[in-house]
Amino acid sequence: VCTYNALISGFWRSGSIGKAFKIISFMRKNGCEPDVVTYNIILNHYCDTGMVKDAEDLMKKMEMSGVNPDRYSYNQMLKGLCKAHQLDKAFAFVADHMEVGGFCDIVSCNILIDAFCKARKVNSALKLFKEMGYKGIQPDAVTYGTLINGLYSVGYHNLAEEIFEQMLKAQIVPNVNLYNIMLHNLCKAGHFKRALEIFSQMIQKEVSPDIITFNTLIYWLGKSSRAIEALGLFRDMRARGIEPDSLTFRYLISGLLEEGKASLAYEVWEYMMENGIILD
RNA sequence: CUUUUAUUGAGC
């Protein structure tokens with residue numbers, strides 16, 4: 001079953017949905033029934049592509065065929081409902097299916113906090129953030145990242161920074177995503193000095209920047225007439241063994257061109273061509 | 001590393 005599931009997941013990721021279904025009928029023929037993981041793979045696809053109705057049907061089907069949904073199933077379904085902007089339905093789902101079985105965990109809370117933030121209901125997000133502590137669910141780096149991003153996006157910059165500091169005090173280890181969120185929002189607000197401080201902090205804490213980190217910084221520096229600094233980061237990233245992608249080049253080149261630094265832009269362009277990267 | 005959550009345009 002594991003092998004089949006791995007195949008199904010792989011085909012699905014690469015978009016060969018037909019092949020994935022063929023494997024399912026093949027495994028059935030060979031007397032191997034799909035298990036909860038098989039269902040979860042398909043459920044996840046439905047939820048990610050907004051096919052919530054199909055996801056709901058699939059959940060019913062799995063219950064009927066005696067396969068009990070697990071916390072992955074429920075959380076995926078919850079995410080699907082939230083993404084479809086069916087928040088009320090999502091709450092009903094939590095109350096009816098998840099709380100009774102003890103399926104509410106840190107992932108469920110994170111999904112809900114994100115949904116609140118995206119619906120610009122930051123106060124509800126903060127409320128849940130506080131309540132989860134009482135329920136014995138400790139916020140993790142994802143929780144903080146989600147919440148901080150939500151706070152910035154509605155303009156609560158000070159609160160976002162406070163919560164970031166609170167997280168550091170609570171000994172939660174920030175990861176690269178969390179730093180990316182901080183950097184993106186600080187740059188967007190024009191707080192480059194602070195952003196670069198945070199960037200140094202992440203290096204000090206030995207959190208390795210990734211391509212998103214660099215692309216974020218290069219984008220915003222280039223947009224703010226600081227293309228030379230962006231170019232410096234472009235060198236740093238290669239020194240760290242991170243290969244620039246087409247976004248990196250697009251950001252860097254437009255930043256340089258905006259400042260009239262055409263010959264530097266051209267050099268970057270040549271480097272890009274040498275590496276076989278095409279702007280899309 | 002068989003399956004679930006936040007981050008790399010902008011505004012609204």
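Chain naming here is simple, since letters A, B, ... match the order of the sequence lines and numbering starts at 1 in each. Excluded from the calculations below are hydrogen atoms, water molecules and symmetry mates; all remaining heavy atoms, backbone and side chain alike, are included.
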Item to check | Minimum-distance nucleotide (side-chain atoms of Lys188(A) versus rU2(B), rA10(B), rU7(B)) | outcome: rA10(B)
Item to check | Integer-rounded Å distance: rA6(B) C1' and Lys83(A) NZ | outcome: 10 Å
Next on the checklist: Mind checking if Ile41(A) touches a base, just sugar-phosphate, or nothing, with heavy atoms under 4.0 Å?
Outcome noted: sugar-phosphate
Next on the checklist: Between P on rU3(B) and CG on Asn68(A), what's the gap in Å once rounded to a whole number?
Outcome noted: 21 Å
Item to check | Test applied, side chain to side chain donor-acceptor pair (under 3.5 Å); reference residue, Asn215(A); option that passes from Thr248(A), Asp210(A), Asn180(A) | outcome: Thr248(A)
Checklist entry - The side chain of Trp220(A) lies closest to which of these nucleotides: rA10(B), rU8(B), rA6(B)? => result rA10(B)
Next on the checklist: If you assign Leu247(A) and Arg120(A) each to the RNA chain B nucleotide with the nearest heavy atom, which residue ends up on the more 5' nucleotide?
Outcome noted: Leu247(A)
Item to check | Between P of rU8(B) and CE of Met237(A), the distance in whole Å | outcome: 16 Å
Item to check | Between rU3(B) (C1') and Tyr4(A) (OH): distance, integer Å | outcome: 18 Å
Item to check | Proximal nucleotide (of rU3(B), rA6(B), rU2(B)) relative to the Lys118(A) side chain | outcome: rA6(B)
Checklist outcome for this item: With the side chain defined as heavy atoms from C-beta on, Val37(A) is closest, among rU3(B), rA6(B), rU8(B), to rU3(B)
Checklist entry - Do Asn40(A) and Asn5(A) pass the side-chain hydrogen bond (donor to acceptor under 3.5 Å, both in side chains) test, and can you show the C-alpha distance, the side-chain angles, and the key distance before you say yes or no? => result CA-CA 10 Å; Asn40(A) 284 347; Asn5(A) 285 341; over 6 Å; no
Item to check | Listed nucleotide nearest any side-chain atom of Ile212(A), set rU3(B), rU8(B), rA6(B) | outcome: rU8(B)
Next on the checklist: Both conditions, 6.0 Å and 45 degrees, for the charged tip of Arg238(A) above the ring of Tyr271(A): are they met here?
Outcome noted: yes
Checklist entry - Going by an N to O cut-off under 4.0 Å, is there a salt bridge joining Lys60(A) and Glu56(A)? => result no
Checklist entry - Nearest to the side chain of Ser9(A) - rA6(B), rU4(B), rU2(B)? => result rU2(B)
Checklist entry - For atom P, what is the distance between rC1(B) and rA6(B), given to the nearest Å? => result 16 Å
Item to check | Atom pair distance, as rounded to whole Å: CD1 in Ile106(A) and C1' in rA6(B) | outcome: 12 Å
Item to check | Length of the line joining Asp105(A):CG and rU4(B):C1', which is rounded to integer Å | outcome: 9 Å
Checklist outcome for this item: Per atom distances to the His184(A) side chain, the nearest of rU2(B), rA10(B), rA6(B) is rA10(B)
Next on the checklist: Looking at Asp96(A), I want to see if its CG is surrounded by more than 12 non-hydrogen atoms of other residues, nucleotides or ligands under 6.0 Å.
Outcome noted: yes
Item to check | Spacing of the P atoms in rU2(B) and rU7(B) (rounded, Å) | outcome: 25 Å
Next on the checklist: Which nucleotide wins on minimum distance to the side chain of Asn177(A), given the candidates rU7(B), rU3(B), rU5(B)?
Outcome noted: rU7(B)
Checklist entry - Between rA6(B), rU4(B), rU8(B), which nucleotide gets closest to the side-chain atoms of Thr216(A)? => result rU8(B)
Checklist entry - Would one find a side-chain N or O of Arg250(A) under 4.0 angstrom from OP1 or OP2 of rU8(B)? => result no
Next on the checklist: Looking at Lys79(A), I'd like to know whether one of its side-chain N or O atoms comes within less than 4.0 Å of OP1 or OP2 on rU3(B).
Outcome noted: no
Next on the checklist: What's Arg13(A) touching, base or sugar-phosphate or nothing? Going by heavy atoms closer than 4.0 Å.
Outcome noted: sugar-phosphate
Checklist entry - Once you round it to whole Å, what is the distance between C1' of rU7(B) and CG of Leu186(A)? => result 13 Å
Next on the checklist: Salt bridge or not between Arg240(A) and Asp236(A)? Use side-chain N to carboxylate O under 4.0 Å.
Outcome noted: no
Checklist entry - Of the nucleotides rU3(B), rU2(B), rA6(B), which has the atom closest to the Asn175(A) side chain? => result rA6(B)
Checklist entry - To the nearest angstrom, how far is Asn215(A) atom CG from rU7(B) atom P? => result 16 Å
